[in-house]
There are 2 protein chains.
Amino acid sequence: MRIGELAQKSGVSRDTIRFYERNGLITSTDEDSETNSYRNYKDDCLVWLQFFTGAREAGMSVADLRSIVEATAESCDRDLARAVVQRKIEELKERADQIGKVIQFLENALSGSK
Amino acid sequence: MRIGELAQKSGVSRDTIRFYERNGLITSTDEDSETNSYRNYKDDCLVWLQFFTGAREAGMSVADLRSIVEATAESCDRDLARAVVQRKIEELKERADQIGKVIQFLENALSGSK
DNA sequence: AAAAACAATAGACCTTTGTCCACGGTTTGA
DNA sequence: TCAAACCGTGGACAAAGGTCTATTGTTTTT
């Protein structure tokens, strides 16, 4: 599929898709190298983009995402991928904990101000 | 206390404290307006700064923090403050949920790649 | 075939969140 | 008293994450 379709389906703007691509988060092929230079995306790009959107909301950086994408590439060591992803999971859990603490603080503030 | 002491106690740099102050997160008084223009901070600034640090780690923006600070100011309506803080708590919970989803996705990816 | 819609690239621009620096005053300890 | 340590201001700089525009080329639609 072309970028417009992918953008529409994923809810991620064309510019952002190209930005992600420049940053190694997704890849495309040239759909027809003789006539145009349009990017062509496989269906799994859509899944990735949806993941990226959620992950960004969860506070992961583009660099984080790239390291996951890279580690899980076909060519890569399965154990390495596992380690990288495991590490990111740990970081996410820490962040979730931190959020919990902040919620606590705010709830205390609320009840303390009664 | 002066900015250096506050910085040292809070672990927040002087520059960042001034930055926060410019952005309405904390306030100071002029310790001795005749001789110098040094800022003077009350003890509760330390508590705020510690909260800010945790909240930033949790993904809250400086603007978020400012709205909390403003709403909870003495002069403000108690109910308004409650509403603002409640809203921020909701947002934090949403973020925590989002993190949970991302963790799920990553764990699936891990077990799916076996 | 002509217009409308879509795509590519390069580069400018924007916001957020700080950090660093230079320059000039103020305090403080030896 | 004199240097070291501290403080203030203003402004430059930076990195991240996009967004927008201009220009040009390709498809599609009518």
Side-chain angles (χ1 to χ4, degrees), chain A residues 1-42 45 48-69 88 91 95 98 102, chain B residues 1-42 45 48-69 88 91 95 98 102:
Chain A
M1 95 189 94
R2 305 221 272 230
I3 198 170
E5 188 181 350
L6 182 59
Q8 176 264 307
K9 284 185 178 163
S10 65
V12 175
S13 80
R14 287 160 223 254
D15 276 333
T16 300
I17 291 173
R18 285 188 283 246
F19 170 75
Y20 283 170
E21 189 164 356
R22 268 202 306 289
N23 284 279
L25 266 52
I26 48 177
T27 50
S28 62
T29 54
D30 283 355
E31 79 169 15
D32 185 0
S33 53
E34 290 311 308
T35 59
N36 67 39
S37 57
Y38 291 3
R39 291 172 173 82
N40 198 285
Y41 298 96
K42 284 189 295 179
C45 285
W48 276 113
L49 282 178
Q50 283 160 349
F51 166 67
F52 295 155
T53 302
R56 295 278 308 120
E57 273 170 37
M60 297 185 82
S61 69
V62 169
D64 285 336
L65 298 179
R66 185 175 48 238
S67 73
I68 289 176
V69 168
K88 292 303 166 193
E91 289 173 12
R95 184 179 295 258
Q98 188 54 43
V102 173
Chain B
M1 87 190 102
R2 305 220 275 229
I3 198 169
E5 188 181 351
L6 182 58
Q8 176 264 307
K9 284 185 179 164
S10 65
V12 176
S13 80
R14 292 176 173 87
D15 276 333
T16 300
I17 291 173
R18 285 189 283 246
F19 170 75
Y20 283 171
E21 190 163 355
R22 267 202 307 289
N23 284 279
L25 265 54
I26 47 175
T27 50
S28 63
T29 53
D30 282 355
E31 80 168 12
D32 185 358
S33 53
E34 290 312 306
T35 60
N36 68 39
S37 56
Y38 291 2
R39 292 172 174 82
N40 197 284
Y41 298 96
K42 284 188 295 180
C45 285
W48 276 113
L49 282 178
Q50 284 160 348
F51 165 65
F52 295 155
T53 302
R56 296 279 307 120
E57 274 171 38
M60 297 184 83
S61 70
V62 170
D64 285 336
L65 298 179
R66 185 174 49 237
S67 73
I68 289 177
V69 168
K88 292 303 166 196
E91 289 174 12
R95 185 179 295 258
Q98 189 54 45
V102 173

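Lettering follows sequence order; numbering is per chain, from 1.
Of the side-chain N and O atoms in S13(A), none sit less than 4.0 angstrom from OP1 or OP2 of dG18(D). For the OP1/OP2 pair of dG25(C) and a distance below 4.0 Å, the side-chain nitrogens and oxygens of N36(B) include no atom meeting the criterion. Look at R39(A) and you won't find any side-chain N or O under 4.0 angstrom from OP1 or OP2 of dC6(C). Phosphate proximity of dA5(D) to R14(B): absent, as no side-chain N or O sits under 4.0 Å from OP1 or OP2.
The distance between atom CZ of R22(A) and atom P of dA15(D), rounded to the nearest whole Å, is 17 Å. Atom CD1 in I3(A) sits about 13 Å away from atom P in dC6(C), given to the nearest Å. Look at OH on Y41(A): it is 16 Å from P on dC6(C), rounded to the nearest Å. A straight line from CZ of F19(B) to P of dT9(D) spans 16 Å, rounded to a whole angstrom. Atom CG of N40(A) is separated from atom P of dT27(D) by 12 Å (rounded to the nearest Å). Following rounding to the nearest Å, E5(B) (CD) and dA5(D) (P) show an atom-to-atom distance of 18 Å. Residue Y38(A) contributes atom OH, which lies 16 Å from atom P of dT24(D) at whole-angstrom precision. dC6(C) atom C1' lies 16 Å from atom CE of M1(A), rounded to whole Å.
Listed candidates were dT27(D), dT17(C), dC21(C). Nearest to the side chain of D15(B) is dC21(C). Closest approach to the V62(B) side chain among dT19(D), dG18(C), dT28(C) is made by dG18(C) (side chain taken as heavy atoms from C-beta onward). Which of dC21(C), dG8(D), dG17(D) sits closest to the side chain of S37(B) comes down to dG8(D). Picking from dG18(C), dT26(D), dC20(D) the nucleotide with the shortest atom distance to the side chain of R56(B) gives dG18(C).
R18(A) comes within 4.0 angstrom of a nucleotide base, judged by non-hydrogen atoms across all strands.
E21(B) places a side-chain N or O within donor-acceptor distance of the main-chain N or O of S28(B), the cut-off being under 3.5 Å. For the pair R66(B) (side chain) and N23(B) (backbone), a donor-acceptor distance under 3.5 Å is present. With hydrogens and angles ignored, the 3.5 Å screen pairs a side-chain donor or acceptor of S61(B) with a backbone N or O of D64(B). The main-chain N or O of S10(A) is never found under 3.5 Å from a side-chain atom of Q50(A) such that the two would form a donor-acceptor pair.
Side-chain atoms of Y20(A) stay outside donor-acceptor range of the base of dG18(D), with no qualifying N/O pair under 3.5 Å.
The pair E5(B)-R2(B) fails the salt-bridge criterion, with no side-chain N (NZ, NE, NH1 or NH2) lying under 4.0 Å from an Asp/Glu carboxylate O.
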